[in-house]
2 protein chains.
Amino acid sequence: MKLKYIDLKYKPTDNDLVCEYYIEPTDGYTLEEVSEHVAGESSIGTWTSISTMKPRIAEKLKPHVYSIDKQTNEIKVAYNSELFEAGNMPEIMSSIGGNIYGMKAVRNLRLQDISFPKSILRSFKGPLFGIYGIRRMLKVKDRPLTGTIVKPKVGLNEKEHAKVAYDSWVGGLDAVKDDENLSSMKFNKFDKRAKETLKMRDLAEQETGEKKVYFANVTAETKEALRRARLVKSLGGEYIMFDIVTGGWGTLQALREADLGLAIHAHRAGHGMFTENPYHGMSMLTLAKISRLIGVDQIHIGAIVGKMKGSEEDVKNIAKEISDMYISEDKEAKMLKQDWGKIKPIFPVCSGGMHPGLIPALMNILETDIIIQCGGGVHGHKKGTQQGATAVRQAVDAALKEIPLDKYAKDHKELKIAIDQWGFEPVKKGER
Amino acid sequence: MKLKYIDLKYKPTDNDLVCEYYIEPTDGYTLEEVSEHVAGESSIGTWTSISTMKPRIAEKLKPHVYSIDKQTNEIKVAYNSELFEAGNMPEIMSSIGGNIYGMKAVRNLRLQDISFPKSILRSFKGPLFGIYGIRRMLKVKDRPLTGTIVKPKVGLNEKEHAKVAYDSWVGGLDAVKDDENLSSMKFNKFDKRAKETLKMRDLAEQETGEKKVYFANVTAETKEALRRARLVKSLGGEYIMFDIVTGGWGTLQALREADLGLAIHAHRAGHGMFTENPYHGMSMLTLAKISRLIGVDQIHIGAIVGKMKGSEEDVKNIAKEISDMYISEDKEAKMLKQDWGKIKPIFPVCSGGMHPGLIPALMNILETDIIIQCGGGVHGHKKGTQQGATAVRQAVDAALKEIPLDKYAKDHKELKIAIDQWGFEPVKKGER
């Protein structure tokens, strides 16, 4: 029995999971042939006809390649959602993002987007807080949230770490995040750091009258990650941070599904291994989408103006995908339609080489529903962390008031120092 | 304080973790500049000088770029192992395989190998069984182990699945593996499948007098993966299968560290997203090495002669890396030295488009310490699964006896059908 999966007349049903792939066939294969291989290997096929295949399986579960664009080498495949275990992201990814990358028939292959049907959507929790929940927690209505990463990445002991965090909070920032390299080190143990840092958080809250939060990095083997998360909760923390790529979907789901009442900050270290080549791997959009579905409350998506890659269009599209409720299909943007149903919108986090001089330019592109994080751009400030933090908030205020940074800096000395030190990117209103 | 990490006179100590990277700088950057960025971002640096850096940190923890090869664009970086949390693979990877891939300064970046120092080696369990333990379990001394994947990938119900497994075992195979797409589906629930399949396993053992094993795919969110693994144990199973890339390091460590007394079969669906481009991502060698360290007993590495990518040299090198106790540095092979200490050697699994006609060619390259898996190459056999399984064992026997397949097939009818159906690759003794 030789199956054929290409069916250009097929219309995806509400029960189908749809994937868009970019495909470059290996020499000697046509796009149609490779489409058959990709659709089959990701569902019910193998390289030869088999005696154990039943007509009812072939009929009910076979995938449909319903779109092939020979100009762009993009194809769309609709999969019956019964091909997947609802609520099991590792299994879903093993199917549609798995063996197909290793086949000799494909030179390059990229999973550009996944459109999840309701039945799959309902099987994941999605974020506990999301944008509106986080804004309520922080009592910040309509400006971007601001944060920093304690620097140096590793090396400070627990008390030094807590002091840097304290300076950041009293300087004006909402959030302090551990570096992704920092978990529980010989010189800076997780438990003691969480305790010291949250103690200083309480002090900063008292002194400023503002709500402050700490993204404690619990990235580890699952059992230990859960223990650390529970410790954070018991110490009065509201947040954990988890590295989704290096920690993995299995642990992220475990953290979310343990229902600890904590918000989850998603870091994405290592994503560039498979998202950076535009012709291979998986898009950052897909990674962010999966993370929202499982239930993180915010995720790093790039900062456009900073030290990390990510074009303006790509970063804007990712921001839109994770913070809207309904996404229309957009061929140019390589985005499928997605009705998010009851899955809450989440915050895009912009980080990596950010400093006050870049904030108005960033806000001009992504507006206010973002979290802006400056690491070196706070602790590198010539007058130290506290004034660096103040300069960040001043830059946000200037942007909200639509006052050019150099003008606003005239009577805001912390900002003045920052832009003298690192310069600033002018923003012309209506430029974009 | 501007740090400098390049130090070509530095000699790595026994306490250093060493990474080899391939680097292509973005236009406008030199290899030295990018080396500084990579070493800094993966340890204690950021993009600007910071007020919070302390001389004791810079002195003690700074990384050393001790080798830069301008011909090959390869660099080696030695990191003080205190930069990492021992026993926490997600954290280690967030550091040395994390943000560095997203930096604007790098066009391409590949982590080619990691040499783990003793202090890190000791913090992981490594495999419970390894090659010798598995051989004792199966009472198979010196031939390759043989296995199949139940096909179609998904679609059979529990009893149909168990029957295909039974046919495979009584036909002569040692092992039956779930497909990576198959976890717990509407039409094939994990618990029932495990029960039915292990029942048929017992029957097959009684009938053949041979030990038979079932690699039950527990890939899922951690809590559920652990529950499924414990169920397998309670049903008399000896093995679980886990998808390391899509499931993640956090869950793999949790499964190993739960000390369930089970062997772990590591599938690698999705690895091609970041291993296939020779200039970017991470090598399959590194992925396999990390898996051995955490403690899988066997891992898919490619089959050279089958449908999956992977050159002969690469696959041979990976096989060597995971099944030897001491690896010497080999520049050509892009392998660093590694003393594996007490971490047991593990089985390379060769799978993907395999059939009896390819087995002698595979064994000619990789010899006998391998697990050979044929999926379609068993169930696609014209006379069905059982004879397909028999043909696989006959092909192994022929190779061990150094008898050409066509000659051996004359009085082995199952093999005859297989090679008539799919052909065979002749092997000349001493050809390689």
Side-chain angles (χ1 to χ4, degrees), chain A residues 44 46-53 57 61 82-83 85 88 90-91 93-95 97-99 101-102 104 151-155 164 180-181 183-186 219-223 243 246-251 253-254 269-270 272-274 277 280-282 307-309 353 375-376 379-380 384, chain B residues 44 46-53 57 61 82-83 85 88 90-91 93-95 97-99 101-102 104 151-155 164 180-181 183-186 219-223 243 246-251 253-254 269-270 272-274 277 280-282 307-309 353 375-376 379-380 384:
Chain A
I44 58 169
T46 189
W47 60 276
T48 185
S49 301
I50 51 178
S51 59
T52 47
M53 178 62 83
I57 297 172
L61 293 180
E82 289 200 15
L83 283 163
E85 181 183 353
N88 185 343
E91 188 275 341
M93 292 311 294
S94 289
S95 303
N99 278 1
Y101 291 89
K104 282 177 177 169
K151 299 280 178 184
K153 294 170 82 78
V154 289
V164 173
E180 77 280 0
N181 294 30
S183 50
S184 193
M185 329 303 286
K186 276 193 186 166
T219 307
E221 168 276 317
T222 313
K223 192 176 160 192
D243 230 330
T246 59
W249 299 130
T251 305
Q253 274 198 250
M273 280 197 193
F274 53 85
N277 178 341
H280 192 71
M282 180 166 101
K307 71 179 172 180
M308 294 297 177
K309 293 179 184 177
H379 315 296
Chain B
I44 58 171
T46 189
W47 60 275
T48 184
S49 300
I50 50 178
S51 60
T52 46
M53 180 59 84
I57 298 172
L61 293 180
E82 289 199 15
L83 283 163
E85 180 182 354
N88 185 342
E91 187 275 341
M93 290 312 294
S94 289
S95 304
N99 279 0
Y101 291 89
K104 284 177 177 168
K151 299 280 177 186
K153 294 171 80 80
V154 287
V164 173
E180 76 280 0
N181 294 31
S183 50
S184 193
M185 330 304 285
K186 277 193 185 165
T219 306
E221 167 276 317
T222 313
K223 193 176 159 192
D243 229 330
T246 60
W249 299 130
T251 305
Q253 274 198 250
M273 281 197 192
F274 53 85
N277 178 340
H280 193 70
M282 180 165 100
K307 72 178 173 182
M308 294 296 177
K309 292 179 185 177
H379 315 297

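Note: hydrogens, waters and symmetry copies are ignored here, and every other heavy atom, side chains too, is used. Residue numbers begin at 1 in each chain, while the letters A, B, ... track the order of the sequences.
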Q.
As an exercise: rank B/Gln253, B/His280, B/Glu85 by heavy-atom pairs under 4.5 Å with chain A and give me the winner.
A. B/Glu85
Q) Between B/Asn277, B/Thr219, B/Thr52, B/Val164, which has the largest tally of heavy atom pairs under 4.5 Å with chain A? A) B/Thr52
Q. Do side-chain atoms of A/Ser51 reach the backbone of B/His379 as a donor and acceptor pair under 3.5 angstrom?
A. yes
Q. If you take all heavy atoms of A/Ser94 and B/Thr246, which pair is closest and at what distance?
A. OG-OG1, 2.7 Å
Q. Looking at A/Ile44, A/Leu83, A/Asn99, which hits side chain to side chain contact (heavy atoms under 4.5 Å, CB included) with B/Lys153?
A. A/Asn99
(Q) Keeping B/Thr251 on the side-chain end and A/Thr251 on the backbone end, is there a donor-acceptor pair under 3.5 Å? (A) yes
Q) In terms of heavy-atom pairs under 4.5 Å, which option from B/Gly384, B/Gly376, B/Gly281 contacts chain A the most? A) B/Gly376
Q. Is there a donor-acceptor pair closer than 3.5 Å between any side-chain N or O of B/Asp243 and the backbone N or O of A/Glu91?
A. no
Q. Can you tell me how far CE of B/Met185 sits from CG of A/Asn88, rounded to the nearest 0.5 angstrom?
A. 8.5 Å
Q: Heavy-atom distances under 4.5 Å only: say whether B/Lys104 touches chain A with side chain, backbone, both or neither.
A: both
Q) What's the shortest heavy-atom distance between B/Gly380 and A/Thr48, and which atoms? A) CA-CG2, 4.4 Å
Q. Minimum heavy-atom separation for A/Lys151 to B/Ile50, with atom names?
A. CB-CD1, 3.6 Å
Q.
Need one label for B/Val154: side chain, backbone, both or neither, based on atoms under 4.5 Å from any heavy atom in chain A.
A. both
**Q.** Which atom of B/Pro90 lies closest to which atom of A/Gly247, heavy atoms considered
**A.** CB-CA, 3.9 Å
Q | Largest heavy-atom contact set with chain A, pairs under 4.5 Å, which of B/Gly97, B/Gly375, B/Gly353 | A | B/Gly353
Q: Heavy atoms only: give me the nearest B/Leu61-A/Gly155 pair and the separation to one decimal.
A: CD1-CA, 3.7 Å
